[in-house]
Amino acid sequence: MELDWGNLPGYDDIKGFMANNRRKSQDDWNMIKETSAETLLGREMLKSRESGERSYGFRQIKSEESNKSVFVTQKGNVVGGGTYSVLNALSAYLRYLEGTARDDWQEVHDKLRASENRNGASFNALFGSALSLGIISRRRVHYEAIKYEKERKAGFLSPFGYSAATIAAAVEAVCSKEWYWILALRNQINNDGKQSTRIWRWNGFLIQYTVAGEDGPAVLLVHGFGAFGEHYRDNIYGLSSTGHRVWAITLLGFGKSEKPNIVYTELLWADLLRDFIVDVVGEPVHLVGNSIGGYIVAIVARVWNVLIKSIVLINSAGNVIPRNTSMSLSRQSDRKTSVATWLGSRIILFYLRLRIQELVKQCYPTKIERADDWLINEMLRASYDPGVPVVLESIFSFNLSIPLNYLLEDVKENVIIIQGMKDPISDSNATVAMLKEHCDGVIIKKIDAGHCPHDEVPELVNSIICDWIHRVESNILAGFSE
């Protein structure tokens with residue numbers, strides 16, 4: 001290869017570069033990842049109420065287990081060690097219903113109960129890291145689970161399900177992981193050098209994202225509920241071709257990203273965005289969010305404003321309320337599933353599959369042709385992925401009670417809101433009126449579109465975003481020159 005290597009920099013060159021580099025050091029950025037959105041928001045809200053009676057942080061549990069414990073993390077809640085140790089813990093997990101007098105198996109049973117925040121979620125919580133690290137394979141887990149099931153059923157497998165909840169949890173988890181691994185391998189593409197689809201592993205789960213552009217400010221696009229990164233199909237290249245580096249993420253639980261058996265919350269997705277910015281983008285970004293994605297973006301801006309340069313909210317979810325109204329934060333541990341949520345999610349899924357074309361087209365009142373077969377088919381395809389009903393259960397536990405004006409309070413000078421005035425999901429006129437009254441300094445652009453203006457009128461939205469980013473970047477440069 002013929003490369004122009006340039007001149008080797010001297011000490012003074014490196015010293016000058018380090019002095020002028022505005023990016024945070026990697027150590028500082030990694031420290032940002034150590035505390036969750038739930039903890040930080042809880043602290044902020046406690047300060048605003050001037051009360052220290054209740055802490056929303058996760059309890060830090062010091063492990064008092066012996067050195068022989070199979071649980072290896074600081075909190076003592078993740079299985080690790082060698083393959084034999086993990087297989088031993090798996091045997092204990094599968095045989096939970098039998099009970100045991102063995103101390104090591106009893107430890108697994110205790111951790112299982114503590115990790116079961118919804119049916120079957122304990123398997124990923126306990127064994128997810130061991131699977132990701134390759135200490136034990138997905139196929140070995142499947143083999144051990146089926147072997148034990150046959151032992152319980154005199155050598156036969158029932159067509160009506162498994163005889164123990166732990167067997168079902170293990171089999172469903174590894175089959176789901178195998179499915180998404182194959183899906184990830186199929187969908188890593190490079191589109192003529194314009195953009196590429198890649199996979200990032202977050203907390204052991206596979207996350208798909210698209211990246212385009214080589215120079216310019218960093219822009220991260222976040223989709224709404226039920227959508228995926230490619231919902232920004234005409235924004236990714238449209239923004240990158242005008243001098244921006246663009247990332248479009250597909251959040252955990254949507255599109256072709258993994259859909260594990262966990263409790264999904266807006267705070268979980270905020271933590272995911274934080275880690276994506278730190279680990280993948282590596283510098284402060286202009287965050288763009290649509291619908292629930294806008295609300296998640298606002299949480300990130302409130303809790304980790306060092307990670308953002310500006311935010312763009314497109315028909316964002318969330319309410320605007322007077323500042324003196326009391327607020328509460330729902331902890332993840334409070335969001336338990338029930339028979340009603342289990343049944344409700346299945347009914348909603350059946351209804352969505354039946355009427356998805358009609359529902360999507362209602363969100364595109366100005367250009368209904370943009371709700372084309374590709375978009376409908378991709379949403380329909382994703383609805384049949386393993387784990388979708390679990391994601392839909394989150395609809396019943398969302399807590400958007402923290403108002404947008406509170407979340408935007410510290411960054412309102414760097415916020416622009418693009419509002420499609422024909423949104424069938426919310427009252428746009430009322431939303432705009434409340435934003436103007438309670439969000440001083442926030443810029444609002446009203447446009448003739450529905451709930452997804454970025455896809456319905458992409459050229460107009462791209463123009464607004466480009467002008468906005470140019471304005472923010474100019475202000476940043478002016479601030480440094482002063």
Side-chain angles (χ1 to χ4, degrees), residues 37 118 121 124-125 128-129 131-132 138 172-191 195-212 220-233 235-236 246-281 285 287-297 299-300 345 349 352 374-375 377-395 398 455:
R118 54 158 288 105
N124 271 324
S129 294
L131 285 168
S132 297
R138 296 185 291 271
E172 290 170 4
V174 296
C175 287
S176 176
K177 283 185 172 294
E178 189 78 5
W179 167 268
Y180 288 107
W181 174 248
I182 295 172
L183 193 64
L185 293 178
R186 289 186 58 189
N187 287 282
Q188 293 185 74
I189 59 173
N190 192 326
N191 186 9
Q195 63 188 52
S196 59
T197 301
R198 303 176 185 175
I199 299 297
W200 171 56
R201 189 181 292 276
W202 181 72
N203 290 354
F205 305 122
L206 300 177
I207 306 296
Q208 178 176 290
Y209 69 96
T210 300
V211 60
L220 175 56
L221 308 175
V222 185
H223 61 83
F225 195 90
F228 42 89
E230 292 89 343
H231 198 204
Y232 289 98
R233 49 185 164 173
N235 309 107
I236 297 171
V246 182
W247 286 263
I249 188 172
T250 297
L251 297 173
L252 187 74
F254 300 104
K256 293 172 183 173
S257 289
E258 196 165 342
K259 303 171 183 64
N261 185 0
I262 61 174
V263 177
Y264 293 88
T265 70
E266 65 287 349
L267 300 178
L268 172 81
W269 288 314
D271 289 343
L272 184 152
L273 287 185
R274 172 203 62 195
D275 293 350
F276 186 84
I277 296 170
V278 172
D279 294 341
V280 180
V281 181
V285 300
L287 263 176
V288 181
N290 170 238
S291 191
I292 187 67
Y295 190 80
I296 299 167
V297 161
I299 293 175
V300 175
S345 66
L349 181 59
L352 290 175
W374 174 84
L375 180 61
N377 290 336
E378 193 59 34
M379 288 184 170
L380 193 60
R381 185 216 63 78
S383 74
Y384 287 93
D385 281 345
V388 169
V390 177
V391 182
L392 286 177
E393 287 181 21
S394 65
I395 294 175
F398 277 156
D455 192 40

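Hydrogens, waters and symmetry mates play no part in the numbers below; they use all other heavy atoms, side chains included.
Summarising the geometry, atom CG belonging to L392 is positioned 10.5 Å from atom OH belonging to Y264; distances are rounded to the nearest 0.5 Å. Of the inter-residue distances, the one linking T250 atom OG1 with K256 atom NZ reads 9.0 Å to the nearest 0.5 angstrom. To the nearest 0.5 Å, the span separating CG on D279 from CZ on R274 amounts to 9.0 Å. The CG atom of D271 lies 7.5 Å from the OG1 atom of T265; values are rounded to the nearest 0.5 Å. Going from atom CG of L268 over to atom CG of L273 covers 10.0 Å, rounded to the nearest 0.5 Å. If you take CD1 on I207 and CG on L252, they are separated by 4.5 Å, rounding to the nearest 0.5 Å.
A 4.5 Å side-chain heavy-atom check between I249 and L272 finds at least one atom pair inside the cut-off. In this structure, V297 and V288 have side chains that are not in contact, with every pair of non-hydrogen atoms separated by 4.5 Å or more. Side chains of K259 and V390 form no contact here, defined as non-hydrogen atoms less than 4.5 Å apart. A 4.5 Å side-chain heavy-atom check between I395 and S345 finds every atom pair outside the cut-off. Taking the side chain as every heavy atom from C-beta outward, L185 and W181 approach each other to under 4.5 Å.
Of all heavy-atom pairs between V300 and A270, the closest is CG2-O, 3.8 Å. In terms of heavy atoms, G224 sits closest to S291 at CA-CB, 4.0 Å. For the residue pair V222 and Y232, the shortest heavy atom distance occurs at O-OH, 2.7 Å. Heavy atoms only, all atoms of each residue included: G255 and D385 are closest at O-OD2, 3.3 Å. The two residues S132 and G204 make their nearest non-hydrogen contact at OG-CA, 3.3 Å. The shortest heavy-atom contact between P386 and S176 is CB-OG, 3.8 Å.
In this structure, S257 contributes its side chain and Q208 its backbone to a donor-acceptor pair below 3.5 Å. Of the possible polar contacts, one joining the S394 side chain to the V391 backbone as a donor-acceptor pair under 3.5 Å is found. The main-chain N or O of P260 is never found under 3.5 Å from a side-chain atom of Y180 such that the two would form a donor-acceptor pair. Judged purely by atom type and a 3.5 angstrom limit, D455 has no side-chain atom pairing as donor or acceptor with the backbone of R233. Not a single donor-acceptor pair under 3.5 Å links the side chain of H223 to the backbone N or O of G293. Between the side chain of E258 and the backbone N or O of L206, at least one donor-acceptor pair lies under 3.5 Å.
L287 pairs with exactly one of I296, I277, L221 by the side-chain contact (heavy atoms from CB on, under 4.5 Å) rule, that one being I277.
Ionic pairing of E378 and R381 is present here: one or more N-O contacts between side-chain nitrogen and carboxylate oxygen are shorter than 4.0 angstrom.
A 6.0 Å sphere centred on CH2 of W179 holds no more than 12 heavy atoms belonging to other residues, nucleotides or ligands.
Ring-centre distance between W200 and F276: below the 6.0 Å cut-off. Two rings, from F254 and W269, have their centers less than 6.0 Å apart.
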query: Would L131 and K177 satisfy side chain to side chain contact (heavy atoms under 4.5 Å, CB included), going step by step from the backbone distance to the final call?
result: CA-CA 10 Å; L131 285 168; K177 283 185 172 294; 4.0 Å; yes
